[in-house]
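Each chain gets a letter, A, B and so on, in the order the sequences are listed, and its residues count up from 1.
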2 protein chains.
Amino acid sequence: MAGGVTIRDVATAAQVSVATVSRALNGQANVTAEVRQRVLEAAKRLQYSPHAAARSLSSRRTHAIGVVLPDLYGEFFSELMRGIDQVAREHGMHLLVSSYHGHRDEQGMAMRAMRGRVDGLLVMSPYAALPASSDDIAPGLPVVLINSQYAGENFLSLGVANYEGARAMMAHLIARGYRRIAFIAGPEDNFDAYQRLRGYQDAMAELGVEEWVLPGAFDEASGHRAGRAVLVAKDRPEAVFAANDMMALGCLFAFSQAGVRVPDEIAVAGFDDIPLARFVYPGLTTMQVDISGLGASAARMLLARLSKQTPLPAPTPLLPQLVVRESSGRQSGSDSS
Amino acid sequence: MAGGVTIRDVATAAQVSVATVSRALNGQANVTAEVRQRVLEAAKRLQYSPHAAARSLSSRRTHAIGVVLPDLYGEFFSELMRGIDQVAREHGMHLLVSSYHGHRDEQGMAMRAMRGRVDGLLVMSPYAALPASSDDIAPGLPVVLINSQYAGENFLSLGVANYEGARAMMAHLIARGYRRIAFIAGPEDNFDAYQRLRGYQDAMAELGVEEWVLPGAFDEASGHRAGRAVLVAKDRPEAVFAANDMMALGCLFAFSQAGVRVPDEIAVAGFDDIPLARFVYPGLTTMQVDISGLGASAARMLLARLSKQTPLPAPTPLLPQLVVRESSGRQSGSDSS
DNA sequence: TTGTACGCGTTATCAT
DNA sequence: ATGATAACGCGTACAA
C-alpha cells in the first residue's frame with residue numbers, strides 16, 4: 001500500500017518539515033546537502049510519489065496537455081499522436097486525449113471537461129463549423145488549432161497546405177499528359193477534403209476539362225467502390241486522384257483485381273504518403289504529408305505559448321511534397337530499407 | 001476570462017452557499033427545485049465548469065484512466081485506443097496516455113507519474129520482463145495488464161490467444177496441403193510475436209518438417225525484405241506465414257513486384273486482419289484479431305474493478321478467427337461494402 | 001432543505 | 001536553512 005504515502009509521511013521519516021521536503025524534492029537551492037540526502041532516501045524508501053491533483057491545485061500547473069480529436073481512427077490519428085507524444089515527453093508533459101464522435105456540441109463538452117486537467121489544448125477541428133463560440137473555447141486556456149479553417153483568426157493554428165498540395169499533384173499529372181482526371185473526394189464536411197477538392201477543381205477549370213468527382217469517405221472501402229464505379233463507366237478516365245491514400249489504395253486494388261494495369265491503363269494518385277504506400281505494388285504516386293511532424297509542430301507551438309517564451313512562432317503551413325512511385329512494368333528491385 | 005470562475009462565484013450569484021451549489025450541480029436529492037434552477041442558471045451564465053484537480057483531491061476520484069503503452073505507432077495502437085476510448089467515454093472517463101519508448105525503467109516512471117491523475121491503469125507490456133517489481137507497480141491503483149505474459153499471476157490481465165491462433169493458421173495451411181512453410185517472425189523481445197512463433201514451431205515439429213524462420217520487426221519494410229529473401233533462396237517455400245499483417249503485406253508486394261503469383265506459386269498468410277487486408281489484391285489469408293474489442297474488454301474489466309461490482313470478470317483470452325481470402329486467379333467482383 | 005467548516009496533498013509566503 | 005501556515009477549489013460531515 002504505497003499509494004497513500006504523502007509528503008507528511010516523508011517529512012516525519014526524514015525528521016524535517018513538509019516545506020523542506022517539498023523544497024528538497026523539487027530541487028530548490030535552499031537546502032543543505034545532508035538534509036536533502038535524508039529526504040531523498042526517505043522518499044525512496046517509502047516509495048513516495050507526489051499526488052498530481054494536489055500539486056496542480058496548489059501550483060496551478062498540471063504538466064499535461066489536452067488533445068481533442070474528432071475520432072481516434074486510422075493512421076492519421078496514430079501518426080499525429082506519435083508526433084505530439086514525442087515533444088510532450090521531451091518536455092515532461094502528459095497527454096490527455098479526448099474524442100468527440102458526435103459533433104461540435106460534444107467537442108465543446110470535451111474541451112470544457114478538461115478545465116483543471118491540462119495547461120493547454122491541441123484541437124483538431126476539420127469540420128466546417130467553428131470549434132466553439134470563440135470565447136467559450138478559451139476559458140484562459142492556450143489553444144492551438146490543427147487543420148482548422150480558422151487559421152490565424154483568433155487562435156494559434158497550424159495546418160497542412162492541402163490546396164497547394166492538390167494543385168501540385170494536378171500539375172504533375174497534367175505535365176505527364178493526363179487530361180481526363182477523376183477525383184475521389186473525402187467526407188463532405190471535412191475541411192482538408194474540401195481544400196483538396198478545390199485544388200482539383202481549380203486545376204481542371206484552368207485546364208478547360210470537365211471535372212469528374214466521385215464520392216468517398218477517406219477509407220479503403222469507399223476508394224474500392226469508386227474504383228469499380230470508374231471501371232464500369234462509359235469512357236474511363238486516364239487518371240484517378242484520390243483525396244487520400246487509403247482511398248487510393250482501395251481504388252488501386254479494385255483495378256488490380258479487375259486486371260487493369262496501373263499506371264499503363266489508368267494512373268492512380270493519392271495524398272498523405274502513408275507508410276504502406278511505399279511498399280504497395282503497383283506504385284502509388286502521392287503527396288507526402290508529415291503528419292507526425294504536424295503533431296510535433298503543434299505541440300511545440302503550444303508549449304512555447306505556455307512558457308511565454310516566443311511571442312508567436314511563425315505559423316507556417318506544412319507543404320506536402322510530391323512523391324512519384326509510378327512503376328510502369330515489372331521491376332525486380334527498386335527502393336530498399 | 002471564464003477560466004477563474006469557482007464554485008464560490010456561482011454561490012454568490014445564486015445567493016446560496018457553496019455546499020448547495022455543489023449538491024445542485026452533482027444532482028443530489030436534497031435541493032429544492034427552485035434553488036437548483038437558480039444555481040444551474042448562474043452556473044451556465046458564468047460559464048462555470050468545476051476544477052478537476054480540486055474535485056479529485058477532495059473526492060479521491062479523477063474520472064480518468066491511464067493507458068501505458070510501449071509506443072504509439074501503427075494500426076494496433078489506434079485500434080486499441082479506439083476500443084478503450086469507446087467504453088471510457090460511455091462511462092464518462094478521460095484517457096491519459098503515456099508511452100515508454102525506452103524500456104522498463106521508463107515504464108515504471110510513466111506508471112508512478114500517474115498517481116493522483118487516474119483511478120486505474122491499463123498497461124500493455126509485450127516485453128519479456130515484468131512490468132515492474134510486483135508491488136512497485138500497484139501503489140493501490142487497480143491495474144489491468146494487456147497482452148502480458150503474466151496473465152493471471154498477480155494482476156488482472158487480458159490478452160490475445162496468439163499461440164492458439166498461430167496453431168489454427170498452421171492447421172489451415174497444412175490442411176491445404178502446404179508443407180514447406182516459412183515464418184516471418186516479429187521482434188525478439190515481443191511476447192505476442194514469441195507466442196506466434198511458438199505456434200509455428202510446434203506445428204512444424206509435429207509435422208516433421210524443418211522450420212524456416214526469417215527475422216522481422218512487425219513493419220512492412222521487414223516483410224518486404226523477408227519476401228525478397230525468400231525469392232532468392234535455393235528452393236522456395238510453398239507458403240509464407242508472417243507474424244502480422246504488415247509484414248505479410250510487405251511480403252506480398254515483394255512477390256507481386258517480382259511477378260510471382262499468389263497463392264498459385266506461393267501462399268501468404270498473416271495475423272491481425274488489419275482493415276487494409278480486406279481490400280488488398282491478391283487476397284491475404286489472416287487471423288482476425290479484434291484489437292478494438294481487446295481494448296474495450298480491458299477497459300471494461302478495469303471499470304468493473306473500480307466500481308467493485310464484479311469480483312473478477314472472467315479473463316477469457318481473445319481467440320483469433322481464421323479469415324480466408326485467397327483469391328486464385330482474377331475475379332471481377334467478390335465482397336462489397 | 002440549507003449553511004458552516006474541515007480536510008484532501010502540495011506549494012509558497014512568511015517568520016525564525 | 002528551516003519551520004509554521006495560509007491558500008488552491010471542491011466535497012461533505014455536521015449543525016441548524
Table please: side-chain donor-acceptor pairs of residues 18-34 of chain A below 3.5 Å, with sequence neighbours left out.
| residue | atom | partner | partner atom | Å |
| --- | --- | --- | --- | --- |
| A/T20 | OG1 | A/S17 | OG | 3.3 |
| A/E34 | OE2 | A/R38 | NH1 | 3.4 |

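The CG-C1' distance, from B/L25 to D/dT12, rounds to 15 Å in whole Å. Distance A/D9 CG to C/dG9 P: 9 Å, rounded to the nearest Å. Counting to the nearest Å, the C1' atom of C/dT2 and the CZ atom of B/R36 are 13 Å from each other. With rounding to whole Å, B/N30 atom CG is found 15 Å from D/dG11 atom P. Between A/L57 atom CG and D/dC10 atom C1' the separation is 8 Å, expressed in whole Å.
Looking only at side-chain heavy atoms (C-beta outward), B/V289 and B/L294 stay at 4.5 Å or farther from each other. For the pair B/V97/A/M81, a side-chain contact is recorded, criterion being any heavy-atom separation below 4.5 Å from C-beta on.
Between the axis at the start and the axis at the end of the helix from C/dT1-D/dA16 to C/dT16-D/dA1 there is an angle of 40°, using five pairs per end and rounding to 10 degrees.
Every residue meeting the ring pair (Phe, Tyr, Trp, His ring centres under 6.0 Å) condition with A/F77, not counting sequence neighbours, appears here in chain and number order: B/F77. By the side chain to side chain donor-acceptor pair (under 3.5 Å) test, B/T62 is found to be paired with B/D119, residues two or more places apart in sequence or in another chain being considered. For A/Q195, there are no side chain to side chain donor-acceptor pair (under 3.5 Å) partners, not counting sequence neighbours.
The local environment of CD in B/E90 is crowded, with over 12 non-hydrogen atoms from other residues, nucleotides or ligands closer than 6.0 Å. Heavy atoms from other residues, nucleotides or ligands lying under 6.0 Å from CZ of A/R61 number more than 12.
Put simply, A/T20 has a side-chain N or O that comes within less than 4.0 Å of OP1 or OP2 on D/dG3.
The side chain of A/S17 approaches D/dA4 more closely than any other nucleotide in the set C/dC8, C/dG3, D/dA4. Among the nucleotides C/dG9, D/dT2, C/dG3, the one closest to the side chain of B/R60 is C/dG9.
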- line: Going 5' to 3' through nucleotides 10-16 of chain C and flagging B where a protein heavy-atom sits under 4.0 Å of the base, S where only the sugar-phosphate is that close, and - otherwise, we get BBB----
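No option in A/I84, A/L303, A/D85 other than A/L303 meets the side-chain contact (heavy atoms from CB on, under 4.5 Å) test with A/M93.
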